[in-house]
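Here is the naming used below: chain letters follow the sequence lines, and residue numbers restart at 1 for every chain. Everything numeric in this text was worked out from a predicted model, so none of it was measured.
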Amino acid sequence: MAAADRQRPPFVAMLRDSALAAVVAALLAVPLLGVRLVDNASGLTLDRRLPLVLYAAAAVFAGRLLLSLAGRYLAPSLRGMTASLPGMPRNSLVIFGWVLVAAALLLPWMPFAERNLIDKLTLILIYVMLGWGLNIVVGLAGLLDLGYVAFYAIGAYAYALLSMHFGLSFWICLPLAGLIAAMFGIALGFPVLRLRGDYLAIVTLGFGEIIRVVLLNWQAVTNGPNGITGIERPTLFGLSFSRAADGPTFAGFFGIEYAPAQRVYFLYYLILALAMLTTLFAQRIRRLPTGRAWEALREDEIACRSLGMNPVTVKLSAFAIGASFAGLAGSFFATRQGFISPESFSFIESATILAIVVLGGMGSQIGIVLAAVLLVGLPEWFRDLAEYRMLVFGGAMVLIMLWRPQGLLSRREPTVLLDPKPASAEATVP
Amino acid sequence: MTIDIFLQQLVNGLTLGAFYGLIALGYTMVYGIIGMINFAHGDIYMIGAFVALIGFVVLSTIGVVSVPLAILIVLVMAMFFTACYGWAVERIAYRPLRGSPRLAPLISAIGMSIVLQNYVQIAQGARTKSLQPIVNGQYSIDVGNGAHVTVSLLQIIIIVLTVALMAGFTWVIRSTPLGRAQRATEQDATMAALLGVNVNRTISITFVIGASLAAVAGMMATLYYGVIDFYIGFIAGIKAFTAAVLGGIGSLPGAMLGGLAIGLIESFWPVFFDLAYRDVAVFGVLILVLIFRPTGLLGRPEIEKV
Amino acid sequence: MSEPAATLLQVDHLTMRFGGITAISDLSFAAKRGDITAIIGPNGAGKTTVFNCLTGFYQPTVGRLELTHETGKRFLLERMPDFRIARDAHVVRTFQNIRLFAGMSVLENLVVAQHIALTRASGYAVAGLLHLPVYRKAERRAVEKARYWLDRMGLTASADQPAGSLPYGSQRRLEIARAMCAGPVLLCLDEPAAGLNTRETNELSDLLRDIRREHGLSILLIEHDMALVMEISDHVVVLDHGACICHGPPAKVRADPAVISAYLGTPEDEAIALTRGRS
Ligand SMILES: Nc1ncnc2c1ncn2[C@@H]1O[C@H](COP(=O)(O)OP(=O)(O)OP(=O)(O)O)[C@@H](O)[C@H]1O
Ligand SMILES: [Mg+2]
């Protein structure tokens, strides 16, 4: 077979291969794309749209052919390009990281930074923070959590309810929400963390659904599907961002003109700070016994036990800490929107966050930023695609995974070096 | 609870269990053979339901009036097209990722699930589709004291068809060369390949079988509920996966038992408690079972060899 | 060794069944403090299973496993979960199929082994997060301890490489180093010489004798290399089909007809090596 392929000109083989793919595509398209169910007064009727089948087949033919051509003639240079990604020396990644932070800090002052852009970046940063939080659980401790969004929801509802019923301010509720989410993490984790990898996955998925169903149906507390409205907006040391408030306002205190965008900018800096807190925490704890134990547990649980580590407490700590960051992000989400409902916390959110972590390269902080921009940012900019947006989103998830199964940046740096060299010396090592 | 309610819910639960069991088989087979959660499997079931619905409409347009004949044709059609989808999904999204880090195929599968849902939504519209009941027979059985239990013809068809499929399927796995190749690949893919098993083909066939079983479930759902939309695959999928885990993932009888258990829980829950919390009960039972039997009901309790 | 040669480990009536298989039946033996006690026997005799019972990975069907520290503190190992056996009773083992943290660096493997001490020093991560001097000092000590074992094992040059990238022999040595970093009272080695060449085996034999002497350690050794066993062990326990068929000093075991016949069923050179000792 392989020998025969070699004798034939490669182009013919590609053509044949693409034709085959087109036939399969046509076969797949016939029942679902080729006819459309239409509701009529007399019941369902069919609308024939056979040209669509041909288009689909043609598109697959062309796509497949282009891919094989590209694979043949462009792959070597392309591979050279992408291979250099994980090979980037540590220093340049660190520098790149700080450049990103600086850019994020300065961005709102740029002339092109209109309110819309800042809003989108705020959204991306929420996912970056969630990704960094989930990375502690999945990337470091190796625990597959498919229900991370549950802790995000708990944080959001905790903030909304605490501020509504007890009138607590955002800054008091924020840590409380993190704590409450962590407690839920422990409560769930304690019984189930003994389970093997994929059993844990389905249990966490189930937990996510349980939380969602409870939020939907516990009318008395959560107001069911209608959600909670009028959630207290955040203040800067008591300075409100409204035009007029009971207390002092931001604009009034600094004697500047009131502008609705001020709150947008404030929220942006707030989530930036929260996200930075998450990543700095994660990077430091990775270098502590706790973090090393997480990674060791991911590598080999039996060896961990033979060295005296209690796997349950090690896993619980990862689970609880991961959950608490989701809780913090959740209360930020609540305060930003001013409105929350169970709809915002569906499985697709957990899937997105998990995809960001895996795509980022399981452990790479910068990889997660890039992945969040790709998965959350791009679809936001393509809102015009409307109903095609989620299709593109899912397709991108598949394609990127096929392109880089290891994730965008997957090199692991040791947490301790025998003889730490000065940073400059390290860069010269080939 | 009186005896008639008990029996009635038993019949309903068995029917539901048949759906979940059929879908769960697909999860458990794929998990057994390549160790991945095929997240798109629920959507394969949804596609089966759509193909079946379209099939029924096509047949009624061209004037096939015999109900058994229509069901037979639609069954074959749905199984064929859905199997193509199952095959294509594996070929496109999972095969290139064999040997990659464990989570890569999972993410790819989640992406595939999103793609399939939105593809059907775009192609067929987001609105719920409904079909006039086709199979109408009903039997009322007297259980004494003037109480009776209603069993519809459709329920009987569903249960009989499921039992027949499961029996045939068990026979295939136990006693055919295909089943042997499958079990060999499951135990050790590299060794099986060395001994001449075509691993790629075996895995493809696993997906094809899983998808056809899901298609049967999809067709039955179309007939039984009469309404479907592009989203039905998600919740049915996670419940069927729950059933597979409950029964002990990788175990075929476990998947059937798990499906049955979930079906019964779902049908008996509203008798005693609030219907809205039915899903909470399903996952709650899963968590409880796993706490006490970490490998599921029929999964072999394994001592890790150290 | 000046202290009285008290019994460190006393195994009584140990039985382990897996369903229908009886892997160990009614095994009793003792290991003295400071000794190298070897457990030998043909493949499948149940040696690794003894280790698994001792270190808590399996729950013995029947039996009593008593460990006595020098302080007189006693532990009933069959009642303790695995991680507590390592943490409190200080019984640390290596594995027949090497189990390193393959993705982590060699040095990290050795630092992780000191987890318990370091966790306390980091005030359960609080002092560590604040980067307090207490923790920094403790970490430096841990790295120094690791450096000592890297030097001993000749692994210093690859300290920052991923452990999984080391050649096989180095991985075996790293696993021993890792166990030593955990501060064992009883070190259980499961076939440490498997897959090593002659030179490496000789080095291993010197190393084991040295660390036993220098660190006041007791060793339980499973090994198929009879020359190595005969050379370094003080006491040998021979298992066959899960039962002890003979035990005593190497010279006695070597001459025992039951041992020879048990071994003649298995590769012959082993039996010959057994009767001759190291040539
Ligand atoms: N977890 C387990 N489940 C079932 N049987 C087991 C298990 N662990 C060990 N056995 C059985 O117990 C017996 C003894 O095995 P063990 O691994 O202790 O032998 P061994 O003496 O270490 O052999 P080798 O020299 O090959 O390492 C074998 O028959 C093995 O199959
Ligand atoms: Mg062994």
Side-chain angles (χ1 to χ4, degrees), chain A residues 24-25 27-28 30-33 35-39 43-46 52 138 144 188 191-192 194-199 201-203 205-207 209-210 213-214 216-217 302 347-348 351 354-355 357-359 362 387-391 393-402 405-407 410, chain B residues 31 37 47 50-51 53-55 57-58 61 77 81 84-85 88 92-93 96-97 100-108 110-115 117-125 127 129-132 234 238 241-242 245 249 274 276-277 279-280 282-284 286-287 290-291 294 304 306:
Chain A
V24 173
L27 206 59
L28 293 180
V30 163
L32 287 176
L33 209 55
V35 287
R36 185 186 169 102
L37 290 165
V38 186
D39 278 308
L44 286 175
T45 55
L46 288 175
L52 281 185
V138 180
L144 181 47
L188 170 70
V192 304
R194 274 170 311 159
L195 299 175
R196 274 192 298 129
D198 296 325
Y199 285 79
I202 185 69
V203 169
L205 175 71
F207 178 69
E209 281 300 302
I210 289 180
V213 171
V214 170
L216 262 177
N217 293 296
I302 288 177
F347 171 73
I348 191 88
L354 183 67
V357 173
V358 175
L359 182 62
M362 298 272 280
E387 55 177 347
Y388 292 95
R389 196 173 73 101
M390 285 311 284
L391 188 71
F393 173 75
M397 225 152 124
V398 176
L399 288 180
I400 301 175
M401 229 50 250
L402 295 181
Q406 274 77 28
S410 53
Chain B
Y31 190 89
I37 303 173
I47 284 183
F50 263 93
V51 174
L53 177 58
I54 290 171
V57 177
V58 168
T61 344
M77 212 179 93
F81 283 113
C84 288
Y85 273 92
I92 295 170
L97 289 175
S100 316
R102 196 171 60 94
L103 286 183
L106 179 73
I107 299 297
S108 182
I110 293 176
M112 246 325 166
S113 157
I114 298 174
V115 166
Q117 266 177 38
N118 287 279
Y119 160 64
V120 173
Q121 182 189 1
I122 292 166
Q124 299 294 333
R127 289 189 39 202
K129 304 274 178 293
S130 49
L131 180 72
Q132 308 293 329
F234 175 69
I238 59 175
F241 185 62
T242 303
V245 171
I249 194 150
D274 186 353
Y277 287 98
D279 293 355
V280 171
V282 170
F283 295 118
L286 172 79
I287 293 175
L290 287 184
I291 288 171
E304 327 163 65
V306 180

From A:M397 atom CE to B:I107 atom CD1, the distance as rounded to the nearest 0.5 Å: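 Result: 5.5 Å between the selected atoms.
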Is it the side chain or the backbone of [X] that comes within 4.5 Å of chain A heavy atoms, both, or neither?
X      : value
B:A88  : side chain
B:V58  : both
B:I37  : side chain
B:V280 : both
B:I122 : both

Measure across [X] and [Y] and return the closest heavy-atom pair with its distance rounded to 0.1 Å.
X      : Y      : result
B:G125 : A:R36  : CA-NH2, 3.6 Å
B:C84  : A:L27  : SG-CD2, 3.7 Å
A:Q406 : B:P101 : NE2-CD, 3.9 Å
A:G395 : B:V115 : N-CG2, 3.2 Å

Using a 4.5 angstrom heavy-atom cutoff, name the option from [options] with the most pairs to chain B.
options                       : value
A:V138, A:N217, A:V358        : A:N217
A:L195, A:V213, A:I210, A:L32 : A:L32
A:V398, A:L144, A:I202        : A:I202
A:V192, A:V30, A:V35          : A:V35

Non-hydrogen atoms of chain B under 4.5 Å away: do they reach the side chain of [X], the backbone, both or neither?
X      : value
A:V38  : neither
A:F207 : neither
A:A201 : side chain
A:L359 : neither
A:I400 : neither
A:D39  : side chain

Step-by-step side-chain contact (heavy atoms from CB on, under 4.5 Å) determination, B:I291 to A:R194: CA-CA 8 Å; B:I291 288 171; A:R194 274 170 311 159; 3.9 Å; yes
Side-chain (B:Q124) to main-chain (A:L37) donor-acceptor, under 3.5 angstrom: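 Checked: pair present.
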Among B:Y85, B:F50, B:Y31, residue most engaged with chain A (heavy-atom pairs, under 4.5 Å):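 The answer is B:Y85.
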Chain A contacts, top residue of B:V282, B:D279, B:I249, B:L131 (heavy-atom pairs, under 4.5 Å):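 Heavy-atom pairs under 4.5 Å are most numerous for B:I249.
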Hey, are the side chains of [X] and [Y] touching, using non-hydrogen atoms and a 4.5 Å cut-off?
X      : Y      : result
A:L33  : B:Y119 : yes
B:N118 : A:Y388 : no
A:V203 : B:L290 : yes
A:L354 : B:L106 : yes
A:L402 : B:L97  : yes

